[in-house]
Each structure stands twice: as C-alpha cells, then as structure tokens.
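Structure first, then comments.
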Amino acid sequence: MHMSTFFPGFTVEDLDYTQQQQQQQQQQLHSLLYHFTQPQPNMHILIVNDDGPPSAHSSPYVHSLVRDLQAAGHTVSVCLPHTQRSWIGKAHMIGQTVKPLYYRPPPASSPAAGLTTALVPSSEKPEQQVVNVTDHGSVHLRPSTVPGTEEWILVDGTPASCVQIGLYHFFQDRGPVDLVVSGPNYGRNTTAVFALSSGTLGGALEAAVCKRRAIALSYAFFNRNHDPAIITKASRQSVRVIEALWKQWPTDGSVDLYSVNVPLLEGLEEGKVLYTPMLQNYWGAGSCFEEVEGSVDGEEVDEERIREGGGADAETGDGGGGLDMGDGKRDGREGLHTHKHFKWSPRFTDVYKSVEEAPPGNDGWAVKEGHTSVTPLKANFWNTAENLHGKELQLPPLETPSATKTESTTTLPIRNSTTTDFKDHLYALIDYQDAYVQPLILSAIEKLLPSSSYTLLPTPFTPENKEPEIHLSALLPSADAKVLQITPYETIDFDHAMSHPATTLINSYIIRKALIRKHFLSSTVENWVAKHPTSALKTHVKRAEAFEVDYAEFLDDSLVEAFDLRASMEKNDQLIAEGKEKEVEWWILKPSMSDRGQGIRLFSTMDELQSIFDSWEVESDSEDEDDASSEPDANSNADNDSDAGGNGNGINTSHLRHFIAQPYIHPPLLLPELQNRKFHIRVYVLAIGALKVYVYKDMLALFAGVPYTSPTSTTSSDPDSNPDSELDLSAHLTNTCLQTYLSPNAAENSVHRFWDLSSLSPTHFPQSKAEDIWDQICEVTGDLFEAAARGMMIHFQPMEQAFEVYGLDFLVDADDESGRNTAWLLEVNAFPDFKQTGELKGVVGGFWEGLVKEAVGGFVGVEKADGVEDEKMTLVREVDLGRRW
C-alpha cells in the first residue's frame with residue numbers, strides 16, 4: 001500500500017513504518033495539533049453518521065460535536081439517518097423513495113442531546129454538578145417556517161444516502177460544503193474487520209467519491225458509563241484534529257479521507273495523536289451468526305451487546321454456532337434443510353486477539369494504548385498481485401451442451417429490490433396528548449402485542465405545535481405498511497385511512513354529529529322513536545326542543561316552533577302568579593356544541609330564559625362578532641365535540657347558536673349515605689368498524705359537590721347576591737371538572753365506582769337496583785347507536801378501518817311507586833375526559849386493555865382464545881351496514 005506526502009516536511013512511503021520514521025512523524029503531527037494557534041478558516045461542514053439522531057441508547061455524541069464545531073466558528077449542516085444504521089457500510093437502498101423528517105435540537109441553554117447526564121454550572125457551588133438531561137430535541141414532519149431555527153435533516157436511508165442528500169438537496173443557501181465529517185460513531189472503527197462494515201466509514205467513502213474531503217470519526221469507549229466530562233474532551237479533541245487535518249490536507253490527491261479514532265479516556269487530550277496504518281485482520285474460523293431457537297433478545301439489546309464487544313464467544317467460548325449432531329451431519333437428515341433462525345453474533349475476540357498479536361503501530365494498537373489514531377485512506381480497493389496485470393486468465397475449453405442431457409426445470413426466484421416484511425409489521429403512532437391516559441394506552445398495547453411485532457413511530461407533537469399536520473405515509477417505510485394511529489381528532493390522517501383502508505386503523509370516525517352534537521342527538525332519537533315506538537329511547541331520553549339563536553333580542557322569534565316549551569313556560573307563569581312555585585316545571589338549557597357542563601342553565605319562565613341570553617350577549621361583546629355567530633364546517637374540528645375542554649360553567653361565544661331545552665329530571669335518585677348529592681353515571685362505550693358497539697361494565701358515579709336541593713329553593717350561595725340572579729348550580733351539575741371551580745372542596749370524594757354504590761348505600765342502592773340500571777344502559781346504548789347508524793346515515797358514518805371511544809352520561813331518577821328507577825340518557829361525548837376517573841386509574845386502564853383486545857387484536861391478527869371474552873367489555877349491538885373495504 002503506497003501513499004505519498006501528508007504533511008510538509010516528511011513523506012510516508014509505506015504503511016509498514018519503521019519505529020524511527022513513525023516517531024518522527026508523530027512528533028510533527030503532535031506539534032502541529034498542540035501548537036496550532038493560527039486563525040482557522042471557517043468551513044461549511046456536513047455532518048452525517050450511522051447512529052441516527054441524538055439518543056442515549058445509540059447516538060450520544062453527535063450533538064456535542066456539532067456544538068463544538070459551531071463554537072469554533074464553522075457552519076455546520078446535519079443530515080442523519082432517522083434510525084440506527086450501523087454495520088451497513090457504503091450501501092444505498094435501491095427501489096426506495098427516501099423521505100425526510102426534520103429534527104430540532106434542544107436550545108443552547110440545555111445540555112447536549114443524547115447524553116443521559118451532562119455537566120452544567122452549579123448556582124450554589126463553584127464546581128460543576130451532574131444533572132439529568134431530559135431534552136433530546138424533537139422531530140417534525142415539515143420544516144420550520146421560523147427564520148433562524150436550527151434544524152437537522154433525518155432521512156430513512158443510509159449514511160451514504162445522507163451524504164448525497166445533504167450535499168445536493170439541502171443547505172445550498174449556506175454555500176458549498178468544504179468537508180464531510182461522518183460520526184462520531186458510537187464505538188471504535190479500528191482494523192479492517194470493523195472498517196469494512198462500518199456505516200461511518202461508508203458515509204466518508206461516499207463523500208470521497210463525490211470529490212469532497214471527508215473524515216470518518218469514531219469514539220472508542222471502554223465501558224458504557226460515559227463521563228460527560230470525557231465526552232466534552234473528546235469533542236474538543238475532535239475539533240482540533242479536524243481543523244489540523246483540513247489545514248494540512250495533501251494537495252497531490254494522495255488522500256481522499258481519514259479514519260480517526262478517539263479513545264474515551266480521562267487523559268485523552270494528553271495522549272498522542274498518531275498516524276497509523278489500518279491493521280489487516282480477519283475473522284477466525286466459524287460463523288458470525290448464532291443459531292437460535294425460540295425467542296431471542298430484542299434488537300436494542302443485541303445492539304448494546306455488540307457495541308460492547310459481547311460476541312457469543314466472549315461469554316461461552318463458542319464462536320461457531322450450529323447444531324452439530326456429532327457425526328458430521330447437522331440435523332441427522334442428509335440432503336435436507338432444517339428450518340433455523342440466525343442472530344448476528346460477531347466474535348470480537350478475533351479482533352482483539354489480532355490487535356494483541358500484531359506489532360505496535362497499527363490503529364487498533366494506538367487506541368488500545370490510549371492514543372488518537374489517524375489513518376489516511378483512498379476511496380478504492382487497493383491493487384495487489386500487480387505482477388498479474390495485463391495477463392490473460394486461462395479457462396478450460398468451452399463444453400458444448402449435449403442434447404441428451406436433461407435440462408433443469410428449476411426456476412430460481414427473482415429477488416425483489418425491496419423487502420416486504422413491513423407488511424406484517426405494525427407501525428403505531430400513539431400520542432393521545434393526555435398525560436393521564438397515554439401511559440395506560442401504551443401499557444395495554446404492550447400486554448397484547450409482542451414487542452417485536454410493532455414499532456412505535458416518533459411523535460410529531462411539540463410544545464409549540466400541538467396540532468401538527470400528520471401524513472402517515474411520510475412516517476412509514478411504505479404507504480402499504482400496516483399502521484395504527486391513536487391521536488387527537490384534529491391530527492388524524494383520514495386521507496391515508498380512506499386510501500389504505502385494509503392496512504390502517506384510526507381511533508375516530510370522520511362524521512358522528514348524530515351522536516355528539518346535542519341538537520343532532522335529539523333529532524336522532526325523535527326520528528327513530530317515530531318509526532320504532534317500542535324502542536327504549538322513547539322512555540329513556542327526555543323530549544328536547546331544539547332552536548337556534550343568533551342574537552338575544554331574537555330569542556322570542558326563535559321559539560315560535562318550540563310549542564311544548566312555550567306552553568310550559570306560560571303555565572309556569574300562571575302557577576307562580578298563584579303562589580304554586582313548587583308545581584313549576586323546570587327546564588335545562590344546553591348549548592349544542594358545549595362540553596364539560598359549560599353553558600348549562602336552569603330556567604322555568606321566559607323572563608329567566610331571556611335573562612340568560614342577555615347575559616351571554618354582554619359577555620360576547622368583547623369578542624369578534626363573526627366568531628361568535630358562525631357555525632363550524634361539518635368536517636372541521638367542531639365535529640370533535642369532546643368533554644375535554646376548559647373549566648368553569650361559562651360558555652364560549654362560538655357555541656351561541658344551537659341550543660336544546662329539555663325538562664329537568666327532578667327529583668334524581670339520592671343516597672343519604674353519600675350526603676344526598678346528585679350524581680350521574682359515566683359509561684365508556686367502544687364502537688368498532690361498521691358496526692359493533694361495546695359497553696364497558698366498570699362504570700363511574702360522578703357526584704355533585706354539595707347536597708341536592710330543588711331548583712325552586714336553590715338560590716345563590718352568596719347571601720348578599722341579587723335574589724333575581726341566576727341559580728346556584730353547584731347542587732345540580734355533576735361534572736367533575738366543575739366541582740373545584742364551583743366549590744374548592746367539592747371535588748373531594750366526588751367519584752366512585754358504580755358497582756361500589758351497593759356497598760356504600762346498601763339500603764337505598766341494593767345490588768338488584770344496580771343490575772337493573774346496568775340492563776337499561778345496555779339496551780339504550782344499543783338502540784342509540786343503531787338509530788344513528790340506520791336513521792342518520794348522513795351524520796353518523798362508521799368506517800371499517802376505525803374505532804372510537806365515547807363517554808355516555810346517564811342520570812337515574814328517584815324511585816317510582818314500584819321502587820323502580822329510570823336511567824335517562826343525558827349526552828354523548830367523543831374523546832371523553834378520562835381524568836374524571838381521578839384516582840381510579842384501574843377503570844381506564846382496564847377499558848383500554850379491553851379496547852386493544854377487541855379493536856386492535858383483530859386488526860393485527862391476534863386471536864382471542866376460544867370461549868374467552870373480556871367479562872367487562874360487553875357487546876350490546878352488532879349492526880351490519882354492508883360497508884366493506
């Protein structure tokens with residue numbers, strides 16, 4: 001291997017250096033590094049690697065190096081693989097469309113991303129203090145539109161692909177790239193065995209064949225307990241080496257790239273920086289794959305073991321693998337193959353042994369001794385056996401095929417350019433944007449699915465962008481890959497679900513206004529009952545008067561067709577005039593698009609109703625008039641009426657149009673053992689495909705904060721308030737989110753398991769009563785979803801490739817003459833507020849486990865055992881709507 005001048009003043013004629021030559025060269029290079037004080041030219045440096053974006057598990061060093069290069073005055077552009085690509089060499093993935101993501105590192109005030117700990121100045125002590133690093137940056141689907149944002153490119157390709165894309169498709173506004181640095185690699189790349197497979201060297205080689213100067217940089221660690229101070233020294237040392245090599249780069253074309261290995265040792269800056277040849281070594285006898293049976297370690301565990309040099313023979317001494325039967329046959333069936341699995345298990349003792357046995361001076365030896373090695377390379381396979389050049393290879397005479405020979409009829413398979421394994425693998429984007437329920441969803445999935453059967457996609461949500469525009473196809477290895485998306489309604493990729501129905505499962509239907517908007521819900525019930533008078537909806541949903549109000553002054557005109565409501569209010573006026581206030585029929589007003597109890601009011605007369613709307617109009621005067629009176633588009637976010645909104649019982653002025661009024665359910669069932677507080681029942685319902693409806697048996701009882709009183713006798717809790725002011729609703733509204741708002745101490749003891757009420761109040765709520773209410777709830781829920789699916793097909797459109805969670809609220813009235821009660825349906829909420837469960841997380845966790853079994857299990861092919869059903873997830877209705885994909 002012949003090379004020429006690297007630094008002025010000496011010449012390297014051969015990589016078999018003599019000891020004297022080597023010492024002279026090291027002295028010159030060492031002097032160059034430590035006495036290099038002249039101003040450095042600012043370079044545009046492209047950083048690539050094979051370890052992916054900053055990660056404590058696989059890529060802990062890259063951000064630290066980027067920061068030190070920037071601090072040295074260089075312009076740094078970064079293009080990395082979006083995931084781990086070690087041992088891939090200089091490969092490109094042909095037949096694949098490479099898609100970018102956009103990584104934004106943490107701000108300069110935070111420690112470097114990727115390290116589990118970092119040193120920051122202490123405010124109390126002069127010395128430095130170790131603190132945990134929690135900010136590893138964020139990944140986005142689209143580039144930032146904010147000028148000055150630091151942003152790296154992540155591509156689903158190889159290190160060589162990152163070089164091509166970084167050089168020619170991004171960063172042109174920063175000027176030509178002067179130098180490509182590949183790394184720092186998470187582990188050494190010394191000796192030929194490592195270097196020939198290295199994605200880090202592969203990236204540098206790709207840059208070299210693109211006629212760019214390149215440096216492959218690797219950090220050789222000796223244990224995984226990385227001291228952040230040592231990492232800081234390694235980055236600082238790397239910058240000095242990079243700048244020195246750049247300044248003294250040979251101009252005669254003798255060097256295309258350098259391979260630099262920095263040892264992560266305490267005194268690395270005091271060690272030497274040595275020019276070294278790459279040690280030519282080989283694997284020993286036997287395979288680098290281990291035959292395995294049954295389950296094996298996950299890929300991440302394997303990667304950690306390989307990085308630390310824990311090959312099979314490092315622990316057992318068996319490097320060959322295999323199942324030798326003792327007679328030379330592998331399986332006892334000569335000529336037949338045995339089905340086996342193979343796990344990458346390189347024998348690193350071969351490498352370490354070759355370093356120990358070789359004479360001093362090679363790259364492996366330098367790192368072992370604690371020195372930084374610098375190996376100059378050309379981007380080619382060096383010629384050997386040059387004495388054969390120009391000679392002809394002699395072949396035996398060409399044999400003419402005999403007509404009597406039997407031609408083979410075996411057709412060899414043609415290898416496709418791309419793999420199809422991803423079609424059976426599940427990719428899951430799960431970010432519910434709710435810290436209460438997110439870990440419960442992940443736990444449910446982990447319990448059902450083997451860890452090797454699915455991959456969690458990186459979340460595109462950030463504190464700055466809580467409603468990112470998500471395109472699943474940009475996150476998947478192929479548009480046809482099987483994907484599960486569980487995110488807020490506004491971020492669901494409905495387009496992908498519609499175009500790939502067989503391979504997509506999302507957590508919401510597109511259109512379901514027939515259930516979740518109160519005026520649509522009343523129409524759903526009214527239309528169904530008209531055609532099915534025996535339906536349970538007739539006796540379990542209060543009649544509703546729906547009306548629209550644009551301005552308070554037109555309220556009277558809006559009620560022209562609300563015949564029952566007007567008649568009741570006129571009768572109430574007469575009763576009040578006669579002093580019969582206790583006989584007044586009370587009504588409850590509900591804005592159709594509100595949630596969490598917002599805007600709910602009680603009234604009995606036209607004057608009271610007018611006063612309510614007049615007060616809202618005063619509140620809305622300070623807001624934009626168009627926003628206060630416009631109706632959202634049917635397919636906009638307004639279709640996502642959930643009960644996860646804000647606190648308080650006020651109302652957003654954007655809800656001031658559609659209203660319903662229903663007779664108030666008085667008196668409700670009250671339990672003396674629970675202070676006679678009003679309560680409603682929260683029921684979690686799962687709708688799957690088109691259409692199965694499940695009711696989760698573990699229901700909640702949500703109590704008001706204060707004892708119940710008749711609305712006739714309810715006055716404001718403030719004794720000095722105006723007697724004509726609005727009613728105090730703290731005894732009437734049972735939404736948990738309102739309890740703290742209305743009464744600071746009300747939320748305590750406000751949530752119970754429904755089935756615990758029998759033990760808390762055995763006299764007034766026996767088990768038989770609870771079972772009867774449960775049966776009513778199941779029947780009403782089944783009828784309701786069938787009514788929406790069959791009777792309101794425009795406004796409720798179940799999809800085979802979707803499931804959805806609903807929260808249904810029921811109120812139980814007082815005992816009738818026979819001692820029986822009616823469970824009245826109050827409302828339906830999509831994306832229910834699971835935090836209402838409070839400390840009873842087991843209810844929500846159990847519900848999501850049942851959901852994953854029923855909705856996700858079938859999608860991924862996980863079959864339930866015969867005869868085994870989730871005892872709490874009860875199927876109450878199955879409707880065949882004839883919708884197939």
Side-chain angles (χ1 to χ4, degrees), residues 82 96-102 138-145 154-156 418 420 422-433 441 454-462 465-517 631-642 687-691 789 793-806 830-831 855-856 858-860 881-885:
H82 76 302
Q96 172 183 308
T97 299
V98 177
K99 300 177 288 293
L101 296 172
Y102 303 87
S138 57
V139 178
H140 307 263
L141 294 175
R142 293 290 182 269
S144 173
T145 58
L154 307 181
V155 298
D156 54 345
T418 57
T420 57
F422 62 81
K423 292 184 178 179
D424 297 323
H425 192 79
L426 177 67
Y427 295 85
L429 177 57
I430 301 175
D431 194 333
Y432 206 72
Q433 287 293 289
I441 300 175
Y454 68 95
T455 297
L456 292 177
L457 297 173
T459 176
F461 293 86
T462 66
N465 187 5
K466 295 184 178 180
E467 291 187 11
E469 183 179 352
I470 295 176
H471 298 280
L472 291 176
S473 58
L475 302 176
L476 299 172
S478 166
D480 294 327
K482 185 171 288 188
V483 60
L484 167 67
Q485 182 179 10
I486 301 179
T487 62
Y489 178 90
E490 297 85 353
T491 61
I492 296 175
D493 190 352
F494 290 110
D495 290 338
H496 185 89
M498 297 301 291
S499 60
H500 299 82
T503 57
T504 305
L505 183 63
I506 55 178
N507 65 309
S508 177
Y509 302 131
I510 301 177
I511 299 175
R512 60 273 206 275
K513 292 185 295 183
L515 295 172
I516 64 177
R517 292 195 189 177
E631 179 181 15
D633 182 85
N635 291 328
S636 71
N637 296 350
D639 200 47
N640 181 32
D641 287 3
S642 70
I688 302 176
L691 172 72
M793 291 185 289
I794 299 299
H795 302 299
F796 181 58
Q797 300 181 15
M799 305 156 56
E800 279 294 320
Q801 64 271 44
F803 65 88
E804 185 152 21
V805 177
Y806 298 90
F831 286 82
V856 182
F859 177 64
V860 299
L881 299 176
R883 298 174 186 171
R884 302 289 187 269
W885 35 256

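In this chain, numbering begins with 1 at the start of the sequence shown. Hydrogens, waters and symmetry mates play no part in the numbers below; they use all other heavy atoms, side chains included.
- Shortest non-hydrogen contact noted between Pro468 and Thr491 is O-CG2, 3.6 Å.
- Expressed to the nearest 0.5 Å, how far CD1 of Ile492 lies from CD1 of Ile486 amounts to 9.5 Å.
- One distance of note links CZ of Phe859 with CG of Leu484; it measures 7.0 Å at 0.5 Å rounding.
- By the side-chain contact (heavy atoms from CB on, under 4.5 Å) test, Ala687 pairs with Tyr509, Leu691, Phe785, Tyr806, sequence neighbours left out.
- Taking 4.5 Å as the limit, every side-chain heavy atom of Tyr102 sits out of range of all side-chain heavy atoms of Val139.
- With sequence neighbours left out, Asp495 forms a side-chain contact (heavy atoms from CB on, under 4.5 Å) with Asp493.
- Between Tyr489 and Phe494, the ring centre distance stays below 6.0 Å.
- Side chains of Glu804 and Ser508: a donor on one and an acceptor on the other come within 3.5 Å.
- For the side-chain contact (heavy atoms from CB on, under 4.5 Å) test, residues two or more places apart in sequence or in another chain that qualify with Gln433 are Asp431, Phe461, Lys466, Pro488.
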> Stepwise, does the side chain to side chain contact (heavy atoms under 4.5 Å, CB included) test hold for Val805 with Phe831?
Replying inline: CA-CA 6 Å; Val805 177; Phe831 286 82; over 6 Å; no
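- Taken to the nearest 0.5 Å, the CG atom of Leu881 stands 10.5 Å off from the CD atom of Gln797.
- Taking each heavy atom of Gly689 and Pro798 in turn, the nearest pair found is O-CB, 3.3 Å.
- Here Asp156 pairs with Lys99 under the salt bridge (Lys or Arg N to Asp or Glu O under 4.0 Å) rule; sequence neighbours left out.
- Taking the side chain as every heavy atom from C-beta outward, Ile430 and Thr487 never approach each other to under 4.5 Å.
- Remark: side-chain polar atoms of Gln801 are not paired, donor with acceptor, to backbone N or O of Leu505 under 3.5 angstrom.
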> Is there a side chain to side chain contact (heavy atoms under 4.5 Å, CB included) between Thr462 and His140 once you walk through the steps?
Replying inline: CA-CA 8 Å; Thr462 66; His140 307 263; 2.7 Å; yes
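- With hydrogens and angles ignored, the 3.5 Å screen pairs no side-chain donor or acceptor of Asn507 with any backbone N or O of Phe803.
- Heavy atoms only, all atoms of each residue included: Leu141 and Pro460 are closest at CG-CB, 4.1 Å.
- Contacts of Val860 classified as side-chain contact (heavy atoms from CB on, under 4.5 Å), with partners at least two apart in sequence or in another chain: Leu426, Leu449, Val856, Val862.
- Here the side chains of Leu429 and Leu472 are in contact, with some heavy-atom distance below 4.5 Å.
- Within the 4.5 Å cutoff, the side chain of Arg512 has no heavy atoms near those of the His795 side chain.
- Atoms CG and OH, from Leu457 and Tyr427 in turn, are 8.5 Å apart once rounded to the nearest 0.5 Å.
- A heavy-atom distance below 4.5 Å is found between the side chains of His425 and Thr455.
- Under the ring pair (Phe, Tyr, Trp, His ring centres under 6.0 Å) criterion, His500 pairs with His496, sequence neighbours left out.
- Between the side chain of Lys482 and the backbone N or O of Ala428, no donor-acceptor pair lies under 3.5 Å.
- Here the straight-line distance linking atom CG of Leu101 with atom CZ of Arg142 works out to 9.5 Å at 0.5 Å rounding.
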